[in-house]
Amino acid sequence: MHGLLDNYEVRYVGAAVAAGSSIDSNSSIIDMDGYESVMFVTTITDSVATGVAKMVVQENDENGDAGMADVTGTAATVTCAVNDDINGTVLVTEYRKPAKRYVQATRTSATANIAYGEVIAILKPLRRPAEQGATVSDTAYVSN
């Protein structure tokens, strides 16, 4: 097989977050040992004019929030121009060949209310085929 599921691992790493103007919500921490790259995806489910939605990758040598630091260049940011104009869109950020072993995504909001859906991580393992983890209930693959 040569489907995406053979090449990438999918993980659920963060719950939805209710609307707020000062959100600071971290995903689960991912151990990048054995992985080349990680991409985080989150939905924006509600937005108010002037609200700023941001997701950034953070990294650390230790498996813990203390000491996590933003990775330069990984911030995906959008500002709501009029109420609800960014609803139903996504923020996506990828980090390849991390400098430190542990990473997480951090979603923030500023100025006015933003609400987020769940966070999904898509990882590229060094060895293939990829094995799906415990947060994936089932998969299906069809090739015609």
Side-chain angles (χ1 to χ4, degrees), residues 2-126 128-142:
H2 297 287
L4 293 173
L5 288 170
D6 281 337
N7 295 299
Y8 299 97
E9 180 184 335
V10 179
R11 293 187 193 178
Y12 172 93
V13 295
V17 179
S21 61
S22 58
I23 293 169
D24 185 356
S25 177
N26 298 334
S27 73
S28 300
I29 295 171
I30 297 175
D31 182 349
M32 291 299 294
D33 186 37
Y35 295 92
E36 177 182 337
S37 184
V38 61
M39 179 172 60
F40 292 100
V41 180
T42 191
T43 58
I44 299 170
T45 59
D46 196 21
S47 57
V48 174
T50 71
V52 179
K54 178 180 174 183
M55 182 170 62
V56 65
V57 178
Q58 296 182 325
E59 68 181 352
N60 193 352
D61 286 323
E62 303 296 324
N63 184 3
D65 283 333
M68 282 283 179
D70 291 359
V71 177
T72 302
T74 64
T77 307
V78 64
T79 301
C80 177
V82 296
N83 288 350
D84 302 326
D85 70 334
I86 59 174
N87 295 7
T89 65
V90 295
L91 293 176
V92 180
T93 184
E94 182 176 2
Y95 187 30
R96 184 171 177 264
K97 295 188 177 181
K100 302 195 184 252
R101 181 167 175 174
Y102 299 95
V103 300
Q104 67 184 9
T106 298
R107 294 171 292 174
T108 60
S109 65
T111 311
N113 286 356
I114 299 289
Y116 292 103
E118 287 80 3
V119 181
I120 303 298
I122 302 169
L123 294 110
K124 183 177 181 184
L126 294 172
R128 292 185 224 354
E131 293 182 21
Q132 302 305 316
T135 61
V136 175
S137 296
D138 194 15
T139 63
Y141 173 81
V142 174

Pairwise distance OG(Ser37) to CG(Leu126) - rounded to 0.5 angstrom:
10.5 Å

Ser27 versus Val119, closest heavy-atom pair with distance:
CB-CG1, 4.5 Å

If you apply the rule side chain to side chain contact (heavy atoms under 4.5 Å, CB included), what do you find for Tyr35 with Lys124, and how did you get there?
CA-CA 6 Å; Tyr35 295 92; Lys124 183 177 181 184; over 6 Å; no

Validation row: Tyr95, Thr93 side chains within 4.5 angstrom (heavy atoms):
no

Rounded distance (nearest 0.5 Å) linking atom OG of Ser109 with atom CD1 of Ile44:
10.5 Å

Would you say the side chain of Gln104 lies within less than 4.5 Å of the side chain of Ile30, judging by non-hydrogen atoms?
no

Taking Glu94 first and then Arg96, would you say they form a salt bridge - that is, a charged N and a carboxylate O separated by under 4.0 Å?
no

Atom OG1 in Thr43, atom OH in Tyr116: separation rounded to 0.5 Å?
10.0 Å

When rounded to the nearest 0.5 angstrom, what is the spacing between OG1 in Thr74 and CE in Met39?
14.0 Å

Checking Thr42 side chain against Glu118 main chain: does a donor-acceptor pair fall under 3.5 Å?
yes

Below 4.5 Å, heavy atoms only, C-beta onward: do Val17 and Arg107 meet side chain to side chain?
yes

Salt bridge check, Arg101 against Asp31: does any charged N sit closer than 4.0 Å to a carboxylate O?
yes

Nearest-0.5 Å distance, CG of residue Asp65 to OH of residue Tyr102
13.5 Å

If we only count heavy atoms from C-beta on, is the Val71 to Val56 side-chain gap below 4.5 Å?
no

Start with the C-alpha gap between Ile23 and Thr108, add the side-chain angles, then the distance that decides, and say whether side chain to side chain contact (heavy atoms under 4.5 Å, CB included) holds.
CA-CA 5 Å; Ile23 293 169; Thr108 60; 5.6 Å; no

So which heavy atom on Asn83 is nearest to which on Ala49, and how close?
OD1-N, 2.8 Å

Give me the atom names and distance for the closest heavy-atom approach of Pro98 to Val103.
CB-CG1, 4.2 Å

Any heavy-atom pair between the side chains of Arg128 and Asp6 that's under 4.5 Å?
no

Does any N or O in the side chain of Ser28 come within less than 3.5 Å of the main-chain N or O of Val13, such that one atom is a donor and the other an acceptor?
yes

For Ser47, the option from Asn113, Thr89, Asn87, Asp84 that meets side chain to side chain donor-acceptor pair (under 3.5 Å):
Asn87

Checking Gln132 side chain against Ser137 main chain: does a donor-acceptor pair fall under 3.5 Å?
no

Just by modelled atom types, is the Asn26 backbone N or O under 3.5 Å from a matching donor or acceptor in the Thr106 side chain?
no

Sub-4.5 Å side-chain heavy-atom contact between Met68 and Ile29
yes

What one should report as the nearest heavy-atom pair of Glu59 and Lys100 is OE1-N, 3.1 Å

Contact between Val52 and Thr77 at the side-chain level, heavy atoms closer than 4.5 Å - yes or no?
yes

What I'd like to find out is whether the side chain of Val78 reaches to under 4.5 Å of the side chain of Leu91, using heavy atoms alone.
yes

Which atom pair, heavy atoms only, marks the closest approach of Tyr8 to Pro125?
CA-CD, 4.3 Å

Smallest separation among heavy atoms of Tyr12 and Thr135, with atom names:
N-OG1, 3.0 Å

Distance check, rounded to the nearest 0.5 Å: Lys54 atom NZ versus Asp24 atom CG?
10.0 Å

May I ask you to check whether over 12 heavy atoms, not counting those of Glu36, lie within 6.0 Å of atom CD?
yes

